Asker: 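Quick one: structure below, then a few questions.
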Amino acid sequence: MSLRNGSDPREPESAPRIVKLPRHRLRSVASTLKSLHRLPCPPPLPTHLLTVVCISDTHCTHPPIPPGNLLLHAGDLSKWGTFSEIQAQLTWLSEQPHKYKVVIAGNHDLLLDPEFKEQHPERWREAAQAASDDKHIDYIDRPAAHLDWGNVIYLQDSSVTLLFHGDRSLRIYGSPLTPRYGLSAFQHPPSKDVWTDKVPPHTDIILTHGPPRGHLDGFKKSGCAFLTQEVVRVQPCLVVCGHIHVGYGTEERVYDQVGIAYEQISGQGAGWGTLLGMAWGVTWGYLIPRSWRRSERKTTFVNAAVVEGWENHRVKNEAVVLQV
């Protein structure tokens, strides 16, 4: 065998180059500071705790639903978005024993987005044909106005305040919006800000189909950065989403000085000046006793997608249950 330029095929290949994305060092330092931060004391828990059950992306399946005071569904009731699929899901949800059931749509739920149906009739025809061919679906074609919602509360860029025992109340804002990917319902260009000042003040729960960027939004960070900014502004106790199936899970954040600075650095393009403020906040946490600092409410993020990855018909994950 001939060798070109005297090279030896037995020599090991050179090590792969490590490519660091812009702002890698800044984000790395910010992540380290966040891990060192001593959080302030949380506020006292309410006297009457409420059990909130979260599901999303059921795609015509009927996963087991634990009992609770409030059931939240973060969209994608259906696979194809037809009347028969959505009605079957609404009937199933109405039969659940929870005091309140609150639902939003997702990008698969084409029937609930009349503007999309009008602008993309060919997509609607394809979905209707797929649903009629699906042996698991008892296909019926009717307009959305004929849906029987039962006792399900539907939110579409709107709010509701729910009253519970013990003078407890929860204000919920719901929206089906997701950044555009492919051709489906309730989507917006990723560069368009559809969230700033959208959520009313003092909202307890934000229920949205797509996740905030950087929070349970998969390896590609497919969430909406503008939604993250809105969450930081409102600081609800709970953010429930779905859409990115592999993002299933929960996480918590506290939006004190350090928490807000971290979000600004990791997703909003803030620079080294913000990092210095973050470093001072971490230092302050060690200088001042926790009991002397102002209590800060935590925000819990939930991605409640129950189906498995690309398999829209196979339930993999359990409903997420929390106490608020």
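None of the values given here were measured: they were computed from a predicted structure. Residue numbers run from 1 in the order of the sequence given.
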Asker: Any idea which heavy atoms bring Arg233 and Val199 closest together, and the distance?
Answerer: NH2-O, 2.8 Å

Asker: Any donor-acceptor pair under 3.5 Å linking the side chain of Lys101 with the backbone of Gln96?
Answerer: yes

Asker: Check this for me: does any side-chain nitrogen of one of Glu122 and Arg125 sit under 4.0 Å from a carboxylate oxygen of the other?
Answerer: no

Asker: So does Ile244 get a backbone contact from the side chain of Asn303, meaning a donor-acceptor N/O pair under 3.5 Å?
Answerer: yes

Asker: If we ignore hydrogens and angles and just use 3.5 Å, is the side chain of Thr283 paired with the main-chain N or O of Ala279 as donor and acceptor?
Answerer: yes

Asker: Got a donor-acceptor contact below 3.5 angstrom from the His37 side chain to the Val282 backbone?
Answerer: no

Asker: If every non-hydrogen atom of Ala127 is compared with every non-hydrogen atom of Thr82, which pair is closest and at what distance?
Answerer: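 Ala127 and Thr82 have their closest heavy atoms at O-CG2, 4.2 Å.
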
Asker: Is a side-chain N or O of Asp193 found less than 3.5 angstrom from the main chain of Phe226, in a donor-acceptor match?
Answerer: no

Asker: Using the rule that two of Ile, Leu, Val, Met, Phe, Trp, Tyr join whenever any of their side-chain heavy atoms come within less than 4.5 Å, decide whether Ile288 and Trp280 are in one cluster.
Answerer: yes

Asker: Roughly how far apart are His120 NE2 and Leu110 CG, rounded to 0.5 Å?
Answerer: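 With rounding to 0.5 Å, NE2 (His120) is 10.5 Å from CG (Leu110).
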
Asker: Set out, in order, the CA-CA distance, both residues' side-chain angles and the distance that settles side-chain hydrogen bond (donor to acceptor under 3.5 Å, both in side chains) for Asp109 and Ser78, then state yes or no.
Answerer: CA-CA 6 Å; Asp109 302 323; Ser78 61; 2.7 Å; yes

Asker: Parallel, tilted or perpendicular: which one describes the rings of His215 and Phe301, with boundaries at 30° and 60°?
Answerer: parallel

Asker: Is the shortest side-chain heavy-atom distance between Leu112 and Leu147 below 4.5 Å?
Answerer: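 Yes, at least one pair of side-chain atoms sits under 4.5 Å.
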
Asker: Got Gln187 and Phe116 here, is their nearest side-chain heavy-atom distance under 4.5 Å?
Answerer: no

Asker: Out of curiosity, does Ile55 fall in the hydrophobic cluster containing Ile104 (side-chain heavy atoms, cut-off under 4.5 Å, transitive links)?
Answerer: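 No, separate clusters.
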
Asker: I want to check something: taking the side chain as every heavy atom from C-beta on, are Val324 and Thr300 in contact at a cut-off of under 4.5 Å?
Answerer: no

Asker: For a side chain to side chain contact (heavy atoms under 4.5 Å, CB included) check, start with the C-alpha distance between Leu77 and Trp92, then their side-chain angles and the critical distance, and finish with the verdict.
Answerer: CA-CA 11 Å; Leu77 299 152; Trp92 167 64; over 6 Å; no

Asker: Got a second to check how far Ser56's OG is from Tyr248's OH, nearest 0.5 Å?
Answerer: 11.5 Å

Asker: Write down the atom of Arg293, the atom of Asp256, and the distance for their closest heavy-atom approach.
Answerer: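 Scanning both residues, the minimum pair turns out to be NH2-OD2, 4.1 Å.
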
Asker: When you group the ILVMFWY residues by side-chain heavy-atom contacts below 4.5 Å and let the links chain together, are Leu72 and Val152 in the same group?
Answerer: no

Asker: Roughly how far, to the nearest 0.5 Å, is CD1 of Ile153 from NE2 of His73?
Answerer: 15.0 Å

Asker: Please work out which of the three classes, parallel, tilted or perpendicular, describes the rings of His243 and His209, given edges at 30° and 60°.
Answerer: tilted

Asker: For the pair Ser158 (side chain) and Gln156 (backbone), establish whether a donor and an acceptor sit closer than 3.5 Å, ignoring hydrogens and angles.
Answerer: yes

Asker: Could you tell me whether Gln119 atom CD has more than 12 heavy atoms of other residues or ligands within 6.0 Å of it?
Answerer: yes

Asker: Could you walk me through whether Thr51 and Gln323 pass side-chain hydrogen bond (donor to acceptor under 3.5 Å, both in side chains), step by step?
Answerer: CA-CA 5 Å; Thr51 300; Gln323 300 287 320; 2.8 Å; yes

Asker: Are Asp157 and Lys198 side-chain neighbours, meaning at least one heavy-atom pair lies under 4.5 Å?
Answerer: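 Yes; the side chains approach each other to less than 4.5 Å.
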
Asker: Between CG of Leu71 and OH of Tyr100, what distance do you get to the nearest 0.5 Å?
Answerer: 14.0 Å

Asker: Nearest 0.5 angstrom please: Tyr255 OH to Arg297 CZ, how far?
Answerer: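 With rounding to 0.5 Å, OH (Tyr255) is 12.0 Å from CZ (Arg297).
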
Asker: Side-chain heavy atoms under 4.5 angstrom apart, residues restricted to Ile, Leu, Val, Met, Phe, Trp, Tyr: same cluster for Leu275 and Leu36?
Answerer: yes

Asker: Looking at every non-hydrogen atom in both residues, tell me the closest pair between Tyr173 and Ser159 and how far apart they are.
Answerer: CD1-OG, 3.2 Å

Asker: Return the minimal non-hydrogen interatomic distance between Ser84 and Tyr139, and the atom names on each side.
Answerer: OG-CA, 3.5 Å

Asker: Counting heavy atoms not belonging to Asp133, are there more than 12 under 6.0 Å from its CG?
Answerer: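 Yes.
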
Asker: Distance from Gln229 atom CD to Cys224 atom SG, nearest 0.5 Å?
Answerer: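 Nearest 0.5 Å value for the CD-SG distance: 8.5 Å.
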
Asker: Evaluate the side-chain proximity of Val231 to Thr228: yes if any heavy-atom separation is below 4.5 Å, no if none is.
Answerer: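 When only atoms from C-beta onward are counted, Val231 and Thr228 do not touch, as no gap falls below 4.5 Å.
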
Asker: Below 4.5 Å, heavy atoms only, C-beta onward: do Leu70 and Ile205 meet side chain to side chain?
Answerer: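 Side chain of Leu70 against side chain of Ile205, heavy atoms only: contact under 4.5 Å found.
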
Asker: Counting distance only, does the side-chain N/O of Arg123 pair as donor-acceptor with the main-chain N or O of Ser184 below 3.5 Å?
Answerer: no

Asker: As a quick check of understanding, evaluate side chain to side chain contact (heavy atoms under 4.5 Å, CB included) for Val258 and Leu33, giving each step before the final call.
Answerer: CA-CA 8 Å; Val258 173; Leu33 286 173; 5.8 Å; no

Asker: Decide yes or no on side-chain hydrogen bond (donor to acceptor under 3.5 Å, both in side chains) for Glu95 and Thr91, but give the supporting numbers first.
Answerer: CA-CA 6 Å; Glu95 294 171 351; Thr91 301; over 6 Å; no

Asker: Indicate if Tyr154 and Val53 have the same hydrophobic cluster label, given that clusters are the connected sets of ILVMFWY residues with side-chain heavy-atom separations under 4.5 angstrom.
Answerer: yes

Asker: Would you say the side chain of Trp195 lies within less than 4.5 Å of the side chain of Thr208, judging by non-hydrogen atoms?
Answerer: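 Thr208 vs Trp195: side chains touch.
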
Asker: Verify, without hydrogens or angle tests, whether Gln87 (side chain) and Asp148 (backbone) share a donor-acceptor contact under 3.5 angstrom.
Answerer: yes

Asker: With the side chain counted from C-beta on, respond yes when Asn69 and Arg168 share a heavy-atom pair under 4.5 Å apart, and no when they do not.
Answerer: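 Side-chain contact under 4.5 Å: no.
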
Asker: For the pair Ser28 (side chain) and His24 (backbone), establish whether a donor and an acceptor sit closer than 3.5 Å, ignoring hydrogens and angles.
Answerer: no

Asker: Would you call Lys316-Asp57 a salt bridge at under 4.0 Å N-O?
Answerer: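 Looking at Lys316 and Asp57, the cut-off is not met.
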
Asker: I'd like to know whether CH2 of Trp149 has more than 12 heavy-atom contacts from other residues, nucleotides or ligands below 6.0 angstrom.
Answerer: yes

Asker: Please say whether more than 12 non-hydrogen atoms of neighbouring residues, nucleotides or ligands are located less than 6.0 Å from NE2 in His165.
Answerer: yes

Asker: May I ask you to decide if Asn107's main-chain N or O and Asp76's side chain share a donor-acceptor pair within less than 3.5 Å?
Answerer: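 Side chain of Asp76 to backbone of Asn107: a pair is present.
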
Asker: Check the surroundings of atom OH in Tyr286: do more than 12 heavy atoms from other residues, nucleotides or ligands lie under 6.0 Å from it?
Answerer: yes

Asker: Inspect the surroundings of NZ in Lys298 and state if more than 12 heavy atoms from other residues, nucleotides or ligands are less than 6.0 Å away.
Answerer: no

Asker: Is a donor from one side chain sitting under 3.5 angstrom from an acceptor on the other, for Asp217 and Ser222?
Answerer: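 Checked: Asp217/Ser222 side chains show no N/O donor-acceptor pair below 3.5 Å.
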
Asker: Compare every heavy atom of Ala30 with every heavy atom of Met278, then report the nearest pair and how far apart it is.
Answerer: CE-O, 3.1 Å

Asker: If you draw a 6.0 Å radius around CZ in Arg142, do more than 12 non-hydrogen atoms from other residues or ligands fall strictly inside?
Answerer: no

